[in-house]
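These notes are about the structure you will find just below.
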Amino acid sequence: MSQAKLRVFIRAEQIQERIRELGDEISGDYPHDTPIYLIGILKGSCIFLADLVRAIERPVRIDFIGLSSYGKSKTTSGEVKLTKDLDTTIEGADVLIVEDIVDSGVTLMYLMHVLEQRKPRSVAIASLLDKPARRMRPVHVKYVGFQIPDEFVVGYGLDYAEEYRNLKDVCVLET
Ligand code: IMP
Ligand code: MG
């Protein structure tokens, strides 16, 4: 293993507090009688989605989509691949994409394009983290947990080469 150092950046309690706020905001923005289709982008968003869905007081559906662009590197390859499609149809549905972090925006731009062709009623994005400094594509993230500076972070679902996803805090990975 390389000499990696972890520095706690956002504590577990802060994450939970922010998710309660996001849940309230999302609940207020959507109808009472039709489900919100939460679509988690595998694999990084799974822990955020699990907590967020319990903070939403509206009917929900859960599905996952697999996209990959990073491999084992820390920066985007600029290419996005669909590795697993949805199990459900989203035509006419209110879709909420759930992402761990928006960095260049390349992944989400691609996904928005794919999903819009399936004619949902609405599509919005919720992301735990947002790194606006690195944006290359103009994606609008409606629900942002935390804006962070240009640091590489891991934990709470986020990985580096598949490691560190199970950390309770979001940590900066210093190599
Ligand atoms: P984008 O297409 O550049 O916006 O990349 C978004 C994806 O890159 C995220 O879903 C993450 O999987 C990954 N990513 C970007 N920044 C980080 C980071 O700081 N830590 C871990 N993964 C990251
Ligand atoms: Mg991801």
Side-chain angles (χ1 to χ4, degrees), residues 1-12 14-16 18-19 22 26 37-53 62-87 90 95-118 123-175:
M1 266 225 43
S2 61
Q3 268 82 45
K5 260 178 55 186
L6 296 169
R7 169 165 55 86
V8 174
F9 194 65
I10 309 172
R11 280 181 301 105
Q14 288 174 269
I15 298 172
Q16 293 307 320
R18 184 70 188 116
I19 288 176
L22 289 176
I26 292 167
Y37 279 66
L38 276 82
I39 296 180
I41 304 181
L42 294 170
K43 303 172 227 174
S45 72
C46 68
I47 295 177
F48 175 46
L49 188 145
D51 284 338
L52 183 66
V53 77
I62 296 176
D63 204 345
F64 293 94
I65 197 160
L67 300 167
S68 83
S69 73
Y70 267 54
K72 287 188 177 175
S73 137
K74 277 189 179 181
T75 50
T76 182
S77 64
E79 262 176 62
V80 186
K81 222 173 38 186
L82 190 74
T83 55
K84 183 214 169 285
D85 205 345
L86 299 173
D87 295 328
I90 55 165
V95 168
L96 183 59
I97 297 171
V98 182
E99 176 61 306
D100 51 359
I101 185 166
V102 188
D103 187 30
S104 69
V106 169
T107 306
L108 278 174
M109 197 73 177
Y110 171 84
L111 182 59
M112 290 295 271
H113 178 74
V114 168
L115 295 186
E116 268 159 13
Q117 290 171 336
R118 301 180 186 183
V123 187
I125 299 169
S127 183
L128 178 70
L129 304 172
D130 182 17
K131 265 194 228 177
R134 292 178 41 97
R135 199 61 43 80
M136 290 160 55
R137 298 281 190 282
V139 287
H140 173 63
V141 187
K142 185 162 183 194
Y143 306 102
V144 176
F146 302 89
Q147 281 204 347
I148 65 166
D150 185 10
E151 305 255 31
F152 195 84
V153 289
V154 295
Y156 195 75
L158 291 111
D159 74 307
Y160 175 58
E162 297 299 328
E163 261 198 87
Y164 310 114
R165 291 194 198 274
N166 57 335
L167 300 177
K168 293 181 177 67
D169 310 301
V170 170
C171 300
V172 172
L173 182 68
E174 291 162 341
T175 40

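Remember, it's 1-based here, ligands and their atoms both numbered in the order they're listed. Remember, predicted model here, so these are calculated numbers, not experimental data.
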Ile19 and Phe48: CA distance, side-chain angles, deciding distance, side chain to side chain contact (heavy atoms under 4.5 Å, CB included) verdict: CA-CA 8 Å; Ile19 288 176; Phe48 175 46; 3.8 Å; yes
Proximity to ligand 1 by part of Asp100, non-hydrogen separation under 4.0 Å: side chain
Test of proximity, Val154 against ligand 1: N or O pairs below 3.5 Å: no
Full working for side chain to side chain contact (heavy atoms under 4.5 Å, CB included) between Gln16 and Asp51: CA-CA 8 Å; Gln16 293 307 320; Asp51 284 338; 2.9 Å; yes
Contact with ligand 1 for Glu151, non-hydrogen, under 4.0 angstrom: yes
Charged N-O contact under 4.0 Å between Arg165 and Asp100: no
Atoms of ligand 1 close to Val153 [distance to a heavy atom under 4.0 angstrom, numbered from 1]: 18 (C), 19 (O), 20 (N), 21 (C)
Ligand 1 contact on Met136 by region, counting heavy-atom pairs under 4.0 Å: neither
Those atoms of ligand 1 less than 4.0 Å from some heavy atom in Asp103: 1 (P), 3 (O), 4 (O), 5 (O), 15 (C), 16 (N)
Ligand-residue contact atoms, ligand 1 with Thr107, heavy atoms, under 4.0 Å: 1 (P), 2 (O), 5 (O), 6 (C)
With Leu38, the side-chain contact (heavy atoms from CB on, under 4.5 Å) member among Val53, Ile26, Ile97: Val53
Atom NZ of Lys84: over 12 foreign heavy atoms under 6.0 Å: yes
Lys131 neighbourhood, listing ligand 1 atoms whose heavy-atom distance to it stays under 4.0 Å: 16 (N), 17 (C), 18 (C), 19 (O)
Ile10 and its side-chain contact (heavy atoms from CB on, under 4.5 Å) partner, picked from Ile15, Asp169, Val172, Leu128: Ile15
Sub-4.0 Å heavy-atom approach of Asp159 to ligand 1: yes
Check: Gly105 N/O within less than 3.5 Å of ligand 1 N/O: yes
Residue of the set Leu173, Leu129, Leu167 for which side-chain contact (heavy atoms from CB on, under 4.5 Å) holds with Val153: Leu129
